Each structure stands twice: as structure tokens, then as C-alpha cells.
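Before any comments, here is the structure.
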2 protein chains.
Amino acid sequence: MPQTILIVDDEKRLVALVESYLTQEGYRVATAYNGKQALTVAQKEKPDLIILDIMMPEMNGYDFMRTHRAQHDTPIIMLTAKVEDDDKIIGLELGADDYVVKPFKPRELMARVRNVLRRAGKSEPLGKILKVADIILDRNSREVLVGERSIDLTPSEFDLLAALMTTPGRVFSRLDLLDVIQGVRYEGYERTIDTHIKNLRAKLEEDPRNPQHVETVYGVGYRLNKG
Amino acid sequence: MPQTILIVDDEKRLVALVESYLTQEGYRVATAYNGKQALTVAQKEKPDLIILDIMMPEMNGYDFMRTHRAQHDTPIIMLTAKVEDDDKIIGLELGADDYVVKPFKPRELMARVRNVLRRAGKSEPLGKILKVADIILDRNSREVLVGERSIDLTPSEFDLLAALMTTPGRVFSRLDLLDVIQGVRYEGYERTIDTHIKNLRAKLEEDPRNPQHVETVYGVGYRLNKG
DNA sequence: CAATATCTTCATAATTCCATGACAAGATAC
DNA sequence: GTATCTTGTCATGGAATTATGAAGATATTG
């Protein structure tokens, strides 16, 4: 039975991104957009872990945590804005198990989720091994095989490829992909993706000038060929 | 048949952690969250050893021990909060076989468990011998061979290597590894791992500047090469 | 208690990676 | 074919991460 994780944040775009990541990793996901709603959802879903934003309308993260903790000992990871170290201290004193500073890269949050769940003694779902065409990507060992050949990717390249491989054939816009490697934020230069794609192709493709795996969809973005 | 160890503590997270360690070492584990519950479980499971917290709701550790000892002579290791030496004295007078002060490192508790079981004349489970590439690590004698050469590791280095060897190829984050050598604590400094890795490499690798066994995975952590 | 070994932390050097912008090359629409 | 928009490529400064050495703190041993 998959473990359930509750995400509580008023930024829906962020919730959606995190949800898709957690789902990919094999968790069941519940969502709430403020503390009050979160109490209801937590009651019903009995999550194994809660990812909690501090700043929220209606009822903020601290209030939620106090109330929730009165009756449960669900592990909590706090999302804090990048200000001072104060939040860290307050958060941990209040009983959070870990915290992540916004904006965060999805990969970082995933690492903390695994860590907290493992510490809490919950069995960790083994990250899936993705296979598309002759590409094999192992999220645990972070190894990538193309045919017989093992290739060495940087963190951004790995994350991009992993994202593309979760839904081969689907077109990802540059903004989609930017979220993947930089986290959800409102600046960010779309062209950065082009460069990463170029570097990824250089390592992945037989003939980088004629990419067989990572295709360009003119005017839209990139997609991975199902093969 | 594996030996059974009963853990009694109201901190569920701690119980889970210790359980995972004991399981890993090959013991069977039973758990209880207060003294009253522990009596029932002990009755049914006939544990070979009991790890017992003193401060607990419902029925505390002292009361449990008095009651239990009236009918059994199961060895007991006490968990005491870090206060005075009083607990130690009281605990040992009451018949505990050993005690560990919280917060403790998992490795320390494991050592005491082995010790107490050995003293009690119970045979110790054979720690596995791990082999990866040309590295052989013996958990019983705590010896490590690299090819023909025997190397001398500090406790932390040994534990790190052992952890890496349990799943060669997998990337361990610094937080993962920090748990291994420090147990669960929040103040741990991730960079400490870098230093241990450096020292480990100095002993393990032919050319520490070009590590063949312990690889760095940029932005993520370290992994042991299956090779 | 002293001596020794180990662990943690810190400062700094070395390395790797990333974002950006400029320009070239390619695609599309007309 | 040309104008225009989009994508590919490359170089570079700077950001982020890791390696290393040393010193102080802590633990262990005799």
C-alpha cells in the first residue's frame, strides 16, 4: 500500500508540481490550500507525511502544526521563505522534522521526503527505473544507460531527462522544464533549457545534429521519442 | 532462529529507528509504547532482550522492570535521559544489565546489545560479511580487506563503508550518511561526511585523488562503485 | 588523569556546473 | 525568396559544490 503525503500550500502551481513528482515516485498524494482545509483533509486521509507551507491565508502553517500535533505525530516538512534562520529554529522547535527553503528544486524536496520517511521508520518506496526506447534511467543509483553505454549526466541534465522519460511522447514547454530544474519561481530565462538540451543531446544521441531521442517541437518545446 | 528483542519507548520515531537497525543486524523485533503494553507483548513474544525507556506514560520503565523481573530474568538495557548519574545507579540497582544515555548513536546501542546478549550466554547472530569489488568487510571482527591488504578504519569510517556496501551503486545523500554515524539529530553538519569520506578514501583507494571505489555524485552525495 | 585517537567544524582552494547573452542556423508564413 | 520568428551553439563570468588541511572539541584508552 503506498504511503500518503499531504501537501499544504496556497500556490497551486507549486502544489501541482510537487504532486506530480511525488506521484511519480509512487506516493499517494492529498492536497490542501490552507491550514483549515488541511485539518479536514488530514483527518480523512491520515497522511504518513505532511509538506507544509508556513505563509498561507486562512490558517497559517504554525497554527496548523500546533493544532495537528496535539493529536498526531505525523512527520512534517516545512516550506519556508528565504529570510532568516529564524524560521528554521521556530519550525524545528515547533516540531517540524525538516525544512526546505523556497524556491527549492524538486529533487531536493524529494531527497528530504525520503529521508524523513526513512527516519520515521516507514519503508521507502524504491524509486522506479525508467525505460524508454534504449534508455534506462535508475533514480536510485542515478545511473543512465543508453544501449550498452553508460553516460554521465550533470544534476540538471539528469533531472530533465528523468522528467521527459516520465511521459514519453508528451511535449514539455520550456517553462515546464524550467520548473523541474529551478523550482517554481517567476523569473527564469527559458533559453537556459536550450543549452541543457544541447548538452544532454551531446551525451545521449548518436548524432547530436540529428537527435533521435530528444525531439524539438517547433514553437512549443521538447519531447522524448517513445522509440 | 533469530533472537527477539523488545523495544519499549513512547517515542515512536525512536522505536522505528532502532527497529530498523536491529532488523538490519538480523534480529527479530517486537515493540511496545508503554510499560503496560510491554508486559503483554513480553508475555507473548518471550524476548531475549528488552530495550527499555525509563520515562513513559501509563507505566514507566521502573515499574515495568519490577513487575517483569518478578517472573523473568530477561536481560534489560535501559534508555535514560541525559540528566544526572542517578538514573544509572537506580537503573543498575534495579537489575538492568546496561544502560544507554539519550541521545545515543545507533552504533553504540548495537554494540551494547551484542555485549549484553553475549554476556547472557546467548549466541550472537552472525553479522554478514559484505563483499563488493575487491573489498571485503566483516561486521563481526570489523576487519576490512582491500585486495590482499588489510586496512584499519575508525568506527565512523567503518560504518560509512558498511552502509555504502549494503547497496553498492546506490547514491547516498549526506543526510543519509549522517544518520548512519550520528543517529537522528538535527544539528548535524553535512560537510562532516566530506571529511570522513576523504579519510576513508585515503585508506581505501590506490590514488585518493582519483577514487575508484567511493565516487562523488555531484549535487547528490556519494556512492560505492559496483565494479 | 594523561595520552592518544577520533570526530566535528571551519576556512580556503579546486572543481564543476549553470545562467546568460550574442550570434548563427533553421523553420515558418507569406 | 524574403522577412520574421524560433532554435542551436558557443563562450564566459559567476554560482554552487566538493576537496583538503588544520585546529579545536570530544571520546577513548591506559
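Everything numeric in this text was worked out from a predicted model, so none of it was measured.
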Spacing of [X] atom [atom1] relative to [N] atom [atom2], expressed in whole Å:
X	N	atom1	atom2	result
A:E187	C:dC18	CD	C1'	15 Å
A:Y189	D:dG8	OH	P	13 Å
A:I193	C:dA19	CD1	C1'	11 Å
A:K198	D:dG8	NZ	C1'	8 Å
B:E157	C:dT8	CD	P	11 Å
B:D194	C:dA11	CG	P	15 Å
B:D159	C:dT6	CG	P	13 Å
B:N199	C:dC7	CG	C1'	10 Å

Could you tell me whether the side chain of [X] and the main chain of [Y] form a donor-acceptor pair under 3.5 Å?
X	Y	value
B:T167	B:R170	no
B:R223	A:S141	yes
A:K203	A:L153	no
B:E205	B:Q212	yes

With a 4.0 Å limit, can you tell me whether [X] has a side-chain N or O closer than that to the phosphate oxygens OP1/OP2 of [N]?
X	N	answer
B:R174	D:dT18	yes
A:Q182	C:dC18	no
A:T192	C:dT20	yes
A:T195	D:dC10	no

Could you check A:P208 against A:K105 and say which one's nearest nucleotide on DNA chain D is further toward the 5' end?
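On the 5' side of the pair lies A:P208.
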
Over all strands shown, is [X] touching base, sugar-phosphate only, or nothing at heavy-atom distances under 4.0 angstrom?
X	answer
B:R209	sugar-phosphate
B:Y222	sugar-phosphate
B:T216	sugar-phosphate

Name the residue closer to the 5' end of DNA chain C, choosing between B:R191 and B:D152 according to the nucleotide with the nearest heavy atom.
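That would be B:D152.
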
Nearest nucleotide by nearest heavy atom, which residue falls closer to the 5' end of DNA chain C, B:E190 or A:I181?
B:E190

Run through A:T31, A:L14, A:I5 and flag the one making a side chain to side chain contact (heavy atoms under 4.5 Å, CB included) with A:E19.
A:T31

Are there any protein N/O atoms within less than 3.5 Å of an N/O atom in nucleotides 14-17 of chain C, and if so, which ones and at what distance?
unit_1 : atom_1 : unit_2 : atom_2 : d
C:dT16 : O2     : B:Y218 : OH     : 3.3

Looking just at side-chain N and O atoms, do B:R201 and B:T216 make a donor-acceptor pair shorter than 3.5 Å?
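Yes, a side-chain donor-acceptor pair sits under 3.5 Å.
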
Calculate, to the nearest 0.5 Å, the distance between atoms CG and CG belonging to A:L145 and A:D138 respectively.
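It comes to 9.0 Å.
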
Salt bridge (Lys or Arg N to Asp or Glu O under 4.0 Å) evaluation trace for A:R174 with A:D194:
CA-CA 8 Å; A:R174 286 178 179 72; A:D194 296 35; 2.7 Å; yes

